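Following: one structure in structure tokens, then a few remarks.
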Amino acid sequence: MARPATPITLTDDDRAVLSQWVRAGTTEQRLALRAKIILAAAEGQATQDIAATLGQRPATVSKWRLRFAQGGIAALHDEPRSGRPAQYGEQEQLRVLALLDQDPPPGYGEWNGRLLAEALGDVSPDYVWEVLRSYGISLQQRHSWCVSTDPEFAAKAADITGLYLDPPENAIVLCVDEKPHIQALERVQGYLRLPNGRAITGFSHEYKRHGTTTLFAALETATGLVKADHYQRRRRREFLDFMNEIVRSYPPETEVHVILDNLNTHKPKHDRWLARHPQVQFHYTPTHASWLNQIEIWFSLLARQALRGRSFTSPRELRQAISHFVEAYNQDAAPFEWKKAVVRQVQLANSYADLNK
């Protein structure tokens with residue numbers, strides 16, 4: 001004698017939820033099927049008839065009738081699965097990380113996932129990459145740094161940031177530096193016809209060298225205006241010639257503060273030029289801290305917006321392009337906003353120490 005089917009009784013809330021599952025187009029198909037089974041069972045249909053109508057096995061219909069009778073709506077969802085047991089554990093992670101502190105195999109300059117897996121012997125390359133990703137380790141990425149060892153770092157940095165944040169009244173603050181040996185490269189440009197008939201424009205990797213030029217530039221921090229001039233070399237003679245032009249552009253009584261790096265052409269032992277220009281004061285950045293000089297920001301803008309990818313057939317053409325950029329830049333010039341609240345000499349050193357804990 002066949003066992004009687006599990007009786008199903010629905011509340012109004014249950015019926016509303018199950019009907020919504022059946023009607024909604026976003027419902028998972030397995031949940032919609034189970035809802036149809038329970039709704040049909042609640043109408044008194046036999047298990048065999050429900051199975052035939054829905055194209056399922058009678059055992060499947062019986063399973064969900066019983067699950068609903070015991071647990072209600074919540075029982076129609078899949079039970080949590082434990083998943084596949086972990087193949088590797090914490091010990092394997094530590095072995096991968098420890099191997100990174102050792103030299104790669106002979107003939108190789110750096111580790112990669114395959115080499116690490118082969119050296120460990122019992123883990124897969126995919127697992128090695130998973131471990132590296134979980135710790136944020138990139139085997140190709142390299143960090144570089146230039147830590148200032150200047151014993152007067154704090155005093156010099158405070159002096160320069162003070163000029164940025166609170167400049168002397170009625171005084172001019174200038175950031176001055178030179179960008180030497182800018183190359184005039186003539187690139188082979190045109191288009192390349194692809195096999196599918198399309199064409200792409202660009203330039204070849206081949207180029208011709210047509211000499212270099214050296215750019216001297218001064219950034220006025222209060223306005224963002226840039227004054228620049230071109231020279232063949234960057235000796236003390238060229239630096240003073242540029243400074244003479246800069247000083248002459250302001251009234252003789254105007255106090256001028258100039259921020260410079262520690263290049264030897266900027267700071268001779270006996271500076272007769274400064275003695276003849278008492279209204280000018282030089283402020284030197286700490287050793288290996290040229291990032292404190294805002295003119296470096298402008299040099300970066302020049303390289304990205306005016307020089308990158310350009311083709312020049314002569315240094316003269318290169319100088320014209322730079323001069324045109326200076327002219328265009330000054331039309332909308334604005335001061336750089338100094339946002340760094342604290343300047344620390346040991347900040348990078350501490351960060352490096354943290355990585356090695």
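Note that the coordinates shown come from a computational prediction; the quantities given were computed from them, not determined experimentally.
Between E43 and I8, every side-chain heavy-atom pair lies at or beyond the 4.5 Å cut-off. In this structure, P180 and T214 have side chains that are in contact, with non-hydrogen atoms separated by less than 4.5 Å. Counting heavy atoms from C-beta on, the side chains of I182 and T212 never come closer than 4.5 Å. Within the 4.5 Å cutoff, side-chain heavy atoms of L163 are placed close to those of H283. Proximity of L318 to L307: side-chain heavy atoms (C-beta onward) are separated by under 4.5 Å at one or more points. Residues R95 and D122 meet the side-chain proximity criterion, which asks for heavy atoms closer than 4.5 Å. By the 4.5 Å heavy-atom criterion applied to side chains, K267 and F282 are not counted as neighbours. Using a 4.5 Å cut-off on side-chain heavy atoms (C-beta onward), K63 and R57 make no contact.
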- Derivation and outcome, side-chain contact (heavy atoms from CB on, under 4.5 Å), residues N170 and E255: CA-CA 7 Å; N170 299 323; E255 186 177 335; over 6 Å; no
- Report the C-alpha separation of K179 and T213 in whole Å, then their side-chain angles, then the decisive distance to 0.1 Å, and conclude whether the side-chain contact (heavy atoms from CB on, under 4.5 Å) test is met. CA-CA 9 Å; K179 188 175 181 66; T213 187; over 6 Å; no
- Message: Q93 vs Y135, test: side-chain hydrogen bond (donor to acceptor under 3.5 Å, both in side chains). Steps then yes/no.
- Response: CA-CA 10 Å; Q93 289 189 18; Y135 282 91; 3.2 Å; yes
- Derivation and outcome, side-chain contact (heavy atoms from CB on, under 4.5 Å), residues E253 and Q279: CA-CA 7 Å; E253 66 278 4; Q279 78 278 24; over 6 Å; no
- Let me see the working for F216 and K227 under side-chain contact (heavy atoms from CB on, under 4.5 Å), right down to the final yes or no. CA-CA 8 Å; F216 282 76; K227 297 180 176 66; over 6 Å; no
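The shortest heavy-atom contact between P315 and A184 is N-CB, 3.9 Å. Nearest heavy-atom pair, V226 versus A217, reported as atom, atom and distance to 0.1 Å: CG1-CB, 4.4 Å. Residue V173 comes nearest to P167 through the heavy atom pair CG2-CB, 3.9 Å, listed as atom of the first residue, atom of the second, then distance. Of all heavy-atom pairs between F153 and P286, the closest is CD1-CB, 3.4 Å. Heavy atoms only, all atoms of each residue included: A333 and L225 are closest at CB-CD2, 3.8 Å. Residues T285 and D261 come closest through the heavy atom pair OG1-CA, 3.5 Å.
Counting only distance, with no hydrogens or angles, the side chain of D177 and the backbone of E296 share no donor-acceptor pair below 3.5 Å. T27 places a side-chain N or O within donor-acceptor distance of the main-chain N or O of W21, the cut-off being under 3.5 Å. At distances below 3.5 Å, not a single donor-acceptor pair connects side-chain atoms of T60 with backbone N or O atoms of Q56. Using a distance-only test at 3.5 Å, with no hydrogens or angles considered, a donor-acceptor pair links the side chain of Y164 to the main chain of L292.
For the residue pair E220/Y250, the side-chain donor-acceptor check at 3.5 Å is satisfied. Side chains of S19 and R15: no donor on one and acceptor on the other come within 3.5 Å. Side chain to side chain, N293 and S290 fail the donor-acceptor criterion of an N or O pair below 3.5 Å.
To the nearest 0.5 Å, atoms CG (N112) and CD (E118) are separated by 8.0 Å. Taking CG of D14 as the reference point, atom OG1 of T9 lies at 10.0 Å (rounded to 0.5 Å). Rounded to the nearest 0.5 Å, atoms CG (L33) and NZ (K36) are 7.0 Å apart. For the atom pair CG (N264) and CZ (R236), the distance works out to 9.5 Å, reported to the nearest 0.5 Å. Separating the CZ atom in F336 from the OG1 atom in T221 is a distance of 11.0 Å, to the nearest 0.5 Å.
Applying the side-chain hydrogen bond (donor to acceptor under 3.5 Å, both in side chains) criterion to T287, with sequence neighbours excluded, gives D150. Partners of P105 according to the side-chain contact (heavy atoms from CB on, under 4.5 Å) rule, which considers only residues two or more places apart in sequence or in another chain, are Y108, W111, L115. Contacts of F299 classified as ring pair (Phe, Tyr, Trp, His ring centres under 6.0 Å), with partners at least two apart in sequence or in another chain: none.
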Identify all side-chain donor-acceptor contacts of residues 65-75 below 3.5 Å with residues at least two apart in sequence or on another chain.
{"from": "R65", "atom 1": "NE", "to": "T6", "atom 2": "O", "distance (Å)": "3.1"}
{"from": "R65", "atom 1": "NH1", "to": "Q45", "atom 2": "O", "distance (Å)": "3.3"}
{"from": "R65", "atom 1": "NH1", "to": "T47", "atom 2": "OG1", "distance (Å)": "3.4"}
{"from": "R65", "atom 1": "NH2", "to": "T6", "atom 2": "O", "distance (Å)": "2.7"}
{"from": "R67", "atom 1": "NE", "to": "A75", "atom 2": "O", "distance (Å)": "3.3"}
{"from": "R67", "atom 1": "NH2", "to": "A75", "atom 2": "O", "distance (Å)": "2.9"}
{"from": "R67", "atom 1": "NH2", "to": "H77", "atom 2": "O", "distance (Å)": "3.2"}

Please output the side-chain donor-acceptor pairs of residues 321-328 that fall under 3.5 Å, not counting sequence neighbours, one pair per line with the distance.
{"from": "S323", "atom 1": "OG", "to": "H230", "atom 2": "NE2", "distance (Å)": "3.0"}
{"from": "S323", "atom 1": "OG", "to": "R319", "atom 2": "O", "distance (Å)": "3.0"}
{"from": "H324", "atom 1": "ND1", "to": "Q320", "atom 2": "O", "distance (Å)": "3.3"}

Would you mind writing out the side-chain donor-acceptor pairs for residues 238-247 within the sub-3.5 Å range, not counting sequence neighbours?
{"from": "E238", "atom 1": "OE1", "to": "R235", "atom 2": "N", "distance (Å)": "2.9"}
{"from": "E238", "atom 1": "OE1", "to": "R235", "atom 2": "NE", "distance (Å)": "3.2"}
{"from": "E238", "atom 1": "OE2", "to": "R235", "atom 2": "NE", "distance (Å)": "3.3"}
{"from": "E238", "atom 1": "OE2", "to": "R235", "atom 2": "NH2", "distance (Å)": "2.8"}
{"from": "D241", "atom 1": "OD2", "to": "Y231", "atom 2": "OH", "distance (Å)": "2.6"}
{"from": "N244", "atom 1": "OD1", "to": "W273", "atom 2": "NE1", "distance (Å)": "2.7"}
{"from": "N244", "atom 1": "ND2", "to": "L240", "atom 2": "O", "distance (Å)": "3.2"}
{"from": "E245", "atom 1": "OE2", "to": "R248", "atom 2": "NH2", "distance (Å)": "2.6"}

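When the shell of 6.0 Å around CD of E110 is examined, it contains more than 12 heavy atoms from other residues, nucleotides or ligands. Around the CZ atom of R114, the shell of radius 6.0 Å holds more than 12 heavy atoms that belong to other residues, nucleotides or ligands. Surrounding CD of Q140 are more than 12 heavy atoms belonging to other residues, nucleotides or ligands, all under 6.0 Å away.
Under a hydrophobic clustering in which Ile, Leu, Val, Met, Phe, Trp and Tyr are joined whenever their side-chain heavy atoms come within less than 4.5 Å, directly or via other members, L94 and V96 fall into different clusters. Taken together through direct or relayed side-chain contacts under 4.5 Å among Ile, Leu, Val, Met, Phe, Trp and Tyr, I295 and W291 form parts of separate hydrophobic clusters. Connection of W64 to L18 is established within a shared hydrophobic cluster, with ILVMFWY side chains joined at heavy-atom distances below 4.5 Å, either directly or through further cluster members. One hydrophobic cluster, built from ILVMFWY side chains closer than 4.5 Å, cannot hold both I297 and I259; they sit in different ones. No continuous path of ILVMFWY side-chain contacts below 4.5 Å connects V258 to L263, so the two sit in separate hydrophobic clusters.
With Y284 as the aromatic partner, K156 does not meet the cation-pi criteria of under 6.0 angstrom to the ring centre and within 45 degrees of the ring axis.
Using a 4.0 Å cut-off between charged side-chain N and carboxylate O, R34 and D78 make a salt bridge.
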